[in-house]
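To keep things clear, I will list the structure first and then write my remarks on it.
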Amino acid sequence: MTTVEQSAPATPASRWHPRRWFETVRRLPFSFGLIAVVLFLGATTGALWDPLRHRHWFHLVAYGVPAFDAGHWWTLITGMFWAAHPAMYVWFLILVPFSLIRLELRRGSGVAAGYFIFGQLAAVLTSALFLSIFSDLGWEWADNLATTVTVGMMPGLFAALTATINSLPDPWRSRGRMILIYVAAIGVLFLGILPALLNAAAIIIVLAMGTRRRKRAPSIHERRFTTFVTILGLGAIQLILTVVRTHGPFGDTSLLEGSWGHAVINALIILVLANGLRTGRRLAWVLALGLSLINILAGLSFFLIVQTSIPELEEIRAYASSTNVTIADGVLWLIFFIYLLVAHGAFTVPFRRRLPGGGGGNERSVREVLRESGGGTLSWMTTWPGNRHYFSPTGRGFVTYQVHAKTAIALSDPIGPAAERTETARQFIASAEKAGFVPCFFVASEALRTESLPTWRSLQVAEDTIIDLPGLAFTGKRWNSVRTSLNKADREGVTFRLTHLSAEPRKVQQQVRQISEAWLGDKGLPEMGFTLGGVDEALDPSVRLALAYNAEGEIDGFLSWLPVYGENGTVHGWTLDLMRRREGGFGPVMEYLIGRSAQEFSAEGAMIASLSGAPLAHLGQRGGNIIDNLLSGLGEAIEPLYGFRSLHAFKRKFNPRYEPVYLLYRDEGDLARIGLGLGRAFLPDATLPSLVRSLRAPK
């Protein structure tokens with residue numbers, strides 16, 4: 001056994017060495033320079049603990065329409081180095097790492113400084129221009145803000161934050177933009193203060209700059225997710241605004257003055273519709289349109305009542321302040337209504353969801369397509385009962401999948417002509433999304449990951465262990481353990497036979513089933529499914545069975561081998577599936593069966609023997625993403641029962657080459673649902689009590 005030297009992990013002392021601090025500061029000159037200047041000025045002028053407006057010189061450094069009217073254009077610069085209130089210094093320190101520092105690390109100091117300074121200046125100037133235009137039209141809110149001056153660097157920070165979000169990959173870019181838009185809208189509509197208007201201006205300006213390059217259209221999944229989050233946010237906003245004080249373009253409200261009835265009814269309806277929108281239900285979309293229209297009309301009605309001079313409406317106008325939130329809500333619902341119309345194509349799922357094949361009458365037998373086009377080492381599993389098949393429109397290719405927890409889990413790469421596999425995969429994804437399922441590929445090849453779905457996320461879930469059979473000879477030091485097992489079997493009278501279980505007499509079939517059931521009974525869990533077959537799958541006439549008999553003629557162990565087809569109906573190799581041994585039988589029976597099988601397959605002219613990838617065996621490290629931790633935890637939990645990781649180590653004795661296989665998924669937002677789906681796929685009949693009892697049983 002060889003040992004691997006590893007460097008000692010960094011201690012807290014080494015992580016926080018002064019040299020590391022210096023290196024960090026050197027990489028972020030603009031961010032740390034701004035922090036130093038802002039905190040220095042705040043401390044020397046007392047603005048850190050007392051609002052700056054209490055200084056007699058405040059109007060000389062603050063920006064706003066009055067400052068520009070007075071010719072104080074230098075306030076565009078001086079105003080960005082103070083905060084108007086001590087609490088804003090806390091927000092400044094919270095926001096800097098997520099906006100300016102992150103942008104400077106990703107794109108350099110020049111870009112970070114450019115976005116901060118440009119965003120700050122542009123937001124102040126455009127807001128001043130807006131207020132100058134509308135303050136003379138009798139709009140009280142604009143009149144008040146046009147007489148206000150303030151200080152603060154938050155517009156520049158929001159500009160940097162928006163630029164950072166613009167540089168993220170999808171779907172995080174679109175989700176971040178959605179959040180920023182609602183932050184801007186809520187700030188203006190309900191806070192209504194000058195800093196909120198400035199922040200909104202900075203966000204809008206930089207968002208507009210970031211959308212000049214044409215990006216791919218949001219996926220169906222992304223449009224559904226955006227709609228789901230937005231309608232929940234609208235419901236939460238309406239409930240919150242019934243109890244807080246608001247100031248906005250449509251007037252002010254006092255504490256606890258909002259309309260409780262309106263907000264609660266909206267919230268209850270939203271709770272009913274939200275999940276339907278998330279899954280793309282057409283009915284939920286129609287009802288959401290109706291709810292949006294009701295809220296828009298309510299806001300419009302109150303706005304007209306407040307603005308009209310009809311004497312009969314005087315009593316209603318006396319309570320106008322309680323309607324201001326409804327009017328502002330109507331604006332948000334109008335934005336949502338427009339988005340619903342734009343995203344209408346994402347909501348096509350009928351009451352009963354299904355994922356039909358695209359080939360219709362062109363669908364052919366799964367086995368026929370598989371034998372004609374060939375497939376990977378797990379391709380024969382696509383023929384197992386319980387699987388569903390999505391056929392391409394040509395009928396010459398298909399994707400095999402199962403649906404668990406509203407997740408369409410593709411078993412492997414698409415089967416069919418190589419030139420059509422990428423398109424078949426994309427058609428399957430589109431159909432799954434249209435039907436309201438979360439699509440993923442559980443055992444995907446490197447080719448599917450890099451060539452067909454390069455924009456998808458990936459997680460390695462196993463390593464396919466492949467023995468190359470041409471010229472196979474168990475000679476040399478590296479084959480010692482296998483050669484020892486074969487020699488020991490000869491000495492103890494163990495014999496080997498390669499057959500088809502379906503062709504064996506009933507007595508042999510019963511022995512095989514009894515050995516398998518005894519193994520499962522010791523574990524206390526049902527036999528796993530999905531990519532793990534059982535005796536029923538071994539009864540397929542195309543599957544071969546390797547039997548080991550002891551000197552008394554009893555079966556000590558057996559293996560089932562699945563065919564791996566190449567093109568034109570030729571068997572390219574064999575994949576190991578079921579492995580069972582009799583308790584108390586010949587010790588190295590598995591090494592013996594695999595070794596003798598490999599010799600037989602090599603003599604027949606097969607090219608490979610795949611020992612398959614032990615599921616959940618590769619994921620031994622925690623601390624990754626949700627699905628990594630979830631599968632790692634599942635692998636740890638069932639390791640004493642199924643021995644996947646020890647099996648993975650056992651296969652090394654056969655000196656295989658390794659080919660990674662991956663879980664492919666759209667984005668991290670799908671991981672929780674995929675984790676539930678995989679759990680159900682592997683253990684469809686297991687209950688939580690049975691799992692707990694098995695784990696607590698003596699080992």
Side chain proximity check, L129 to F134, heavy atoms < 4.5 angstrom: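 No. Closest side-chain heavy atoms not under 4.5 Å.
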Side-chain heavy atoms of I205 within contact of F118, under 4.5 Å: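 Yes - at least one pair of side-chain heavy atoms lies under 4.5 Å apart.
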For [Y], is there any backbone N or O sitting under 3.5 Å from a side-chain donor or acceptor partner on [X]?
X	Y	answer
R106	S167	yes
T465	P656	no
N166	V206	yes
R173	L168	yes

Pairs in or reaching into [range]: which pass side chain to side chain donor-acceptor pair (under 3.5 Å), with residues at least two apart or in two chains?
range	value
residues 182-192	none
residues 29-39	S31-E104
residues 82-98	T45-W82

Measuring from atom [atom1] of [X] to atom [atom2] of [Y], what distance do you get when rounded to the nearest 0.5 angstrom?
X	Y	atom1	atom2	result
L180	I165	CG	CD1	4.0 Å
S127	N199	OG	CG	9.0 Å
L332	T230	CG	OG1	10.5 Å
L277	T227	CG	OG1	6.5 Å
L207	T162	CG	OG1	5.0 Å
M153	L198	CE	CG	12.5 Å

Chi angles and distances behind the side-chain hydrogen bond (donor to acceptor under 3.5 Å, both in side chains) call for D143, S135: CA-CA 5 Å; D143 291 342; S135 61; 4.7 Å; no
Over all heavy atoms of both residues, which pair between [X] and [Y] is shortest? Give the atoms and the distance, please.
X	Y	answer
E463	V661	N-CG2, 4.3 Å
L678	I409	N-CD1, 3.9 Å
A122	T126	O-OG1, 2.7 Å
A274	F228	O-CD1, 3.2 Å
L34	F92	CD2-CE1, 4.3 Å
A112	L100	O-CD1, 3.8 Å

Please list, chain by chain and in numerical order, all residues satisfying ring pair (Phe, Tyr, Trp, His ring centres under 6.0 Å) with F40, sequence neighbours excluded.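 In terms of ring pair (Phe, Tyr, Trp, His ring centres under 6.0 Å), with neighbours along the sequence ignored, F40 is linked to no residue.
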Go through the steps to decide whether F158 and Y115 satisfy the test ring-ring contact (aromatic ring centres under 6.0 Å, His included), and finish with yes or no. CA-CA 10 Å; F158 271 103; Y115 271 107; over 10 Å; no
Go through it in stages, so that I can follow the logic: the residues are V443 and Y662, the test is side chain to side chain contact (heavy atoms under 4.5 Å, CB included), and I'd like the CA-CA distance, side-chain angles, deciding distance and then a yes or no. CA-CA 5 Å; V443 186; Y662 301 93; over 6 Å; no
Does any pair with a residue in residues 438-461 pass salt bridge (Lys or Arg N to Asp or Glu O under 4.0 Å), and if so which ones, sequence neighbours excluded?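 Output for this query lists E446-R449, R457-E668.
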C440 vs T407, side chain to side chain contact (heavy atoms under 4.5 Å, CB included): CA-CA, chis, key distance, verdict: CA-CA 8 Å; C440 68; T407 303; 4.1 Å; yes
By side chain to side chain contact (heavy atoms under 4.5 Å, CB included) - contacts of I77 (at least two apart):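 Side chain to side chain contact (heavy atoms under 4.5 Å, CB included) list for I77, sorted by chain: M80, F81, L121.
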Listed partners of D50 passing side chain to side chain contact (heavy atoms under 4.5 Å, CB included), at least two apart: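 If we apply the side chain to side chain contact (heavy atoms under 4.5 Å, CB included) test to D50, skipping adjacent residues, the hits are H54, R55.
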Show me the donor-acceptor pairs, under 3.5 Å and distance only, between side chains in residues 58-73 and residues at least two apart or in other chains.
from : atom 1 : to   : atom 2 : distance (Å)
H59  : ND1    : H56  : O      : 3.3
Y63  : OH     : G152 : N      : 3.4
Y63  : OH     : G152 : O      : 2.8

Dump the intermediate steps for side chain to side chain contact (heavy atoms under 4.5 Å, CB included) on I335 and I338, then the final yes or no. CA-CA 5 Å; I335 298 173; I338 295 172; 5.9 Å; no
List the residues meeting side chain to side chain donor-acceptor pair (under 3.5 Å) with [X], not counting sequence neighbours, and say none if there are none.
X	value
D413	S445
D670	H221, R666
T422	S452
T226	none

Can you confirm if the aromatic rings of F442 and Y401 lie within a centre distance of less than 6.0 Å?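 Between Y401 and F442, the centre distance exceeds or equals 6.0 Å.
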Going through the distances and angles, do L664 and L448 end up as a side chain to side chain contact (heavy atoms under 4.5 Å, CB included)? CA-CA 9 Å; L664 302 184; L448 187 69; 3.9 Å; yes
Aromatic ring pairing W333/F336, orientation class (parallel under 30°, perpendicular over 60°, tilted between):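 Ring orientation of W333 relative to F336: perpendicular.
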Tell me, with the steps shown, if E423 and R421 meet salt bridge (charged side-chain N to carboxylate O under 4.0 Å, His left out). CA-CA 5 Å; E423 185 60 26; R421 289 174 189 169; over 6 Å; no
Are D667 and R175 close enough for a salt bridge, meaning some N to O gap below 4.0 Å?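 Yes.
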